[in-house]
Amino acid sequence: MQTSLRRSGNIVIVDVVGDIDLHNSPRLRKTLLQTLQEAQRVVVNLEQVRYIDSSGIASLVEGLKESQSLKSRFILFGLSKAAREVLRLTRLINVFEVYETEKQALDA
Amino acid sequence: MQTSLRRSGNIVIVDVVGDIDLHNSPRLRKTLLQTLQEAQRVVVNLEQVRYIDSSGIASLVEGLKESQSLKSRFILFGLSKAAREVLRLTRLINVFEVYETEKQALDA
Amino acid sequence: MGLSLKLVLSSDPRLLGAVRGAVRELASGAGFAEEDCRAITLAVDEALTNIIRHAYDNRPDESVELTCRSLENGLEFILRDRGRPVDPAKVCARSLEAVTPGGLGTHIIRQIMDQVCYEPLPDGNQLRLVKYVNKS
Amino acid sequence: MGLSLKLVLSSDPRLLGAVRGAVRELASGAGFAEEDCRAITLAVDEALTNIIRHAYDNRPDESVELTCRSLENGLEFILRDRGRPVDPAKVCARSLEAVTPGGLGTHIIRQIMDQVCYEPLPDGNQLRLVKYVNKS
Ligand SMILES: Nc1ncnc2c1ncn2[C@@H]1O[C@H](COP(=O)(O)OP(=O)(O)O)[C@@H](O)[C@H]1O
Ligand SMILES: Nc1ncnc2c1ncn2[C@@H]1O[C@H](COP(=O)(O)OP(=O)(O)O)[C@@H](O)[C@H]1O
């Protein structure tokens, strides 16, 4: 898994690429929590996520919780099939703010 | 591996999809040799070949030899990275008639 | 004839990707649709992740065995470890209605697999997972 | 700590895809570039194919062991079988200049791997393959 950040004003877009599993979900968690300290809105791009397991989903849930306590926004977009399926299985897909495209996520 | 045939006049295009290995290269070989009995020109589409090993290359070489003895044509196009790399390693890339696109292969 | 592939690995999360690679291809070769291949891969990965985290408390140098077998109409996965036993009361213990980061793995496994059977062995633990083709 | 993954499989060509899936991910996790990952996968597959065809004469129910280990700067693969021994005179015996369908596998293995070592064992055969990162 690789993450990279793109900033525009108060918004940070986190592009996540590859497989998210027990090996690297702690790194994703750290990136998300740090980014939330620095931006009013964190937008996570999951288009290139080939695989994500429950530890990766747990990192996203932690991001969501942190954003709620910071009163900032935490948004997902471009869910790959893998990401969509796991969020469905765990019944968490409606808990997140999810958009199809980056533009929708930025405009929301 | 899946193969499917498209006919237009004396030409048959063989679309090969997936992994070609010891398990299925005998099937590829059979398809190629049969098709060569029925068409003046056999054009093999390797765009969707994710993997090919030496047994797959051997099947292509047999197709080539058969076409030479039948005085028909045996053409490859759209080599995937995997196909290109194995044909390079085995120094066979220049032995075949190879084109980039289907159009080039049909017009040649 | 049935196919059988056994993987013996250390309990190191860096090996999960390789196991997934094998399981994904096995599932695809067994005739599962793409979405099922992804699901099966996920379930086996979650089972391994649980062994690493709970049976072995994240110690990366313990041993895990994963035996994959083709059935007439599906695939069977048997995982074996020599770590702490599973407390059945903790499996699928949380409700999926609550929004918390933990406790998702066993739910995922049960939702995907047709058979999920935790069994203590004399010298460790076994988890048997079965998925049938064309049965949702 | 070095990673180690052992695969024990029957000598059935239908399992080659699963082995490739594991090897590809291992190579990627070990830091090899995509093209090298494809090449390493190919070399290991060719070595297995040769065991199935030559050591076991295409009998699909014999056993093969593939042990994959991470080195400080690469990957090592050890293949073991209990079949017919390799005749060293036949390895890379043909010229690559001739256009014939057979005899390509051992050339492919030698061109890709940095170390290729066939070794007889008391009860079978071993092939050791090593590929280093960033060494062409
Ligand atoms: N292989 C295992 N060995 C020991 N305990 C396990 C195992 N798998 C699951 N458990 C127990 O079941 C609980 C629920 O597991 P799970 O649903 O995967 O969520 P989590 O791993 O986040 O706790 C674990 O916390 C653990 O107590
Ligand atoms: N694992 C093996 N066991 C026994 N013999 C082998 C093995 N690998 C290679 N050989 C010998 O080396 C020869 C060359 O192998 P290779 O280059 O892969 O081409 P091919 O398999 O098409 O003959 C084989 O024909 C066989 O005699």
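Since the structure is predicted, the reported quantities are computational estimates derived from the model, not experimental observations.
Shown here are the salt bridge (charged side-chain N to carboxylate O under 4.0 Å, His left out) partners of D:Asp87, two or more places apart in sequence or in another chain: there are none. C:Ala43 meets the side chain to side chain contact (heavy atoms under 4.5 Å, CB included) test with C:Ile112, C:Met113; sequence neighbours excluded.
The number of heavy atoms from other shown groups lying within 6.0 Å of CD (D:Glu34) does not exceed 12.
Contact annotation for residues 72-79 of chain D against chain C (heavy-atom separation below 4.5 Å): no residues qualify. The stretch residues 17-27 of chain D places D:Gly17, D:Ala18, D:Gly21, D:Ala22, D:Arg24, D:Glu25, D:Leu26 near chain C, each with some heavy atom under 4.5 Å from a heavy atom of that chain.
Between chain D and the residues C:Ser4, C:Ser28, C:Cys68, the most heavy-atom pairs under 4.5 angstrom are made by C:Ser4.
For the pair C:Leu7/D:Leu5, a side-chain contact is recorded, criterion being any heavy-atom separation below 4.5 Å from C-beta on.
Here the OG-NZ distance, from C:Ser10 to D:Lys6, works out to 12.5 Å after rounding to the nearest 0.5 Å.
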